[in-house]
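Just so we're clear, the structure is a prediction, and the values are computed from it rather than from any experiment. First the proteins, then the strands, lettered A, B, ... as listed; each starts at 1.
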Amino acid sequence: MTNKERASLAVAALKKEYPDSICSLTYHDPLQLLISTRLAAQCTDLRVNMVTPKLFSDFPDVCAFADADISAVEEDIRTCGLYKTKARDIIAMCQMLRDEFGGKVPDTLEELTRLPGIGRKTANLVLGDIFHKPAVVVDTHCIRLTRRLGFHNLKDPYKIEMILKDALDPKESNDFCHRLVLHGRAVCDARKPKCEQCCMKEFCETYLENEKNS
DNA sequence: ATCCCGAGGG
DNA sequence: CCCTCTGGAT
């Protein structure tokens, strides 16, 4: 099976299983999505959603974050883990947004990845969700699921992004990645995947391989 | 002990 | 390529 065929099967199966591909982070503007996604590193989005109401109430805009006392930001986000680097990144990012981007979140991959703490994963998520551009968001779920399905046998997120970009219809890629996350949490989790209830088992390489050996 | 919608640095 | 940052959940 080619990756294009695999992609087409996976897109259809996930679309049926998860009709609305919603972003599970709660946000009300581009800055909040940018910050919430940064906070989601090594942390569940559920926990991010627990801290952001107070965080965005304490610091309502770019300037409030840019002028923030770092220890106050650290305190708000502490339970998300990696809180020192995240707090430093968020403040530095907002200072750059204020000083170089007119206070607005930019809409290109090049500009977004210049921001402190924003890598390809977060940048692509913002491009897709805020600016509705074709984007392949390669996070821990995307890496794990596309590998199990048989798209690749890689670890490098950039290489995986290129392979998926090549295999996917650009109009579908953003929703596809969101649905991979939903499926990764609900069924194809890292520790104990529930293969018997998976909507993609009939063409999943890992499942088929395990069946053959049992 | 291992993983959670990562990013940066060596 | 590797390592580090980090609390919370299982």
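Among the atoms of the strands shown, none is found under 4.0 Å from any heavy atom of A:R179. Counting non-hydrogen atoms under 4.0 angstrom, A:L115 reaches the backbone sugars and phosphates but no base. Residue contacts shown for A:I118 are limited to sugar-phosphate atoms, with no base heavy atom under 4.0 Å away. Heavy atoms of A:K155 sit nowhere under 4.0 angstrom from any nucleic acid atom. Residue A:P116 is in sugar-phosphate contact alone, with no base atom involved, counting any heavy-atom pair closer than 4.0 Å across all strands shown.
If A:D189 and A:V138 are placed on DNA chain B by their nearest nucleotide, the residue sitting closer to the 5' end is A:D189. Looking at which nucleotide of DNA chain C each of A:D156 and A:G81 is closest to, the 5′-most match is held by A:D156. Of the two residues near DNA chain C, A:L82 and A:R191, the one whose nearest nucleotide lies more 5' is A:L82.
Of the side-chain N and O atoms in A:R78, none sit less than 4.0 angstrom from OP1 or OP2 of C:dT6. Phosphate proximity of B:dC5 to A:S24: absent, as no side-chain N or O sits under 4.0 Å from OP1 or OP2. A close approach under 4.0 Å does not occur between any side-chain nitrogen or oxygen of A:T37 and OP1 or OP2 of B:dC5.
A cation-pi arrangement is absent between A:R148 and A:Y207, since the terminal nitrogen or guanidinium carbon is not both under 6.0 Å from the aromatic centre and inside a 45° cone about the axis.
When rounded to the nearest whole Å, the span between CG of A:N49 and C1' of C:dG7 equals 17 Å. Rounded to whole Å, the distance from CG on A:L145 to C1' on B:dC4 is 14 Å. Separating the OH atom of A:Y83 from the P atom of B:dC4 is a distance of 23 Å, rounded to the nearest angstrom. For the pair A:I130 CD1 and B:dC5 P, the interatomic distance rounds to 20 Å; values are reported in whole Å. One can place CG of A:L39 at 15 Å from P of C:dG7, the figure rounded to the nearest angstrom.
Candidate nucleotides B:dC5, B:dC3, C:dC5 were compared by shortest atom distance to the side chain of A:D45, and B:dC5 ranks first. Which of B:dC5, C:dG8, C:dC5 sits closest to the side chain of A:T85 comes down to C:dC5. The nucleotide whose nearest atom lies closest to any side-chain atom of A:A190 is, among B:dC3, B:dC5, B:dG6, B:dC3. If you check B:dC4, C:dG8, B:dG6 against the side chain of A:R47, the one that comes closest is C:dG8.
Interface remark: the A:K84 side chain does not form any donor-acceptor pair with the C:dC5 base, using a distance-only criterion of under 3.5 Å.
Comparing the C1' positions of B:dC3 and C:dC5 gives an interatomic distance of 15 Å, to the nearest angstrom.
A donor-acceptor pair is defined here as one N or O able to donate and one able to accept, closer than 3.5 Å; such a pair exists between the side chain of A:S36 and the backbone of A:Q32. Judged by distance alone, with hydrogens and angles left aside, the side-chain atoms of A:N49 form a donor-acceptor pair with the main-chain N or O of A:T26 at under 3.5 Å.
Side-chain atoms of A:S71 and A:E74 form no donor-acceptor pair, as typed in the model, at a separation below 3.5 Å.
Between A:D189 and A:R144, none of the side-chain N atoms (NZ, or NE/NH1/NH2) sits under 4.0 Å from a carboxylate O, so this pair counts as no salt bridge.
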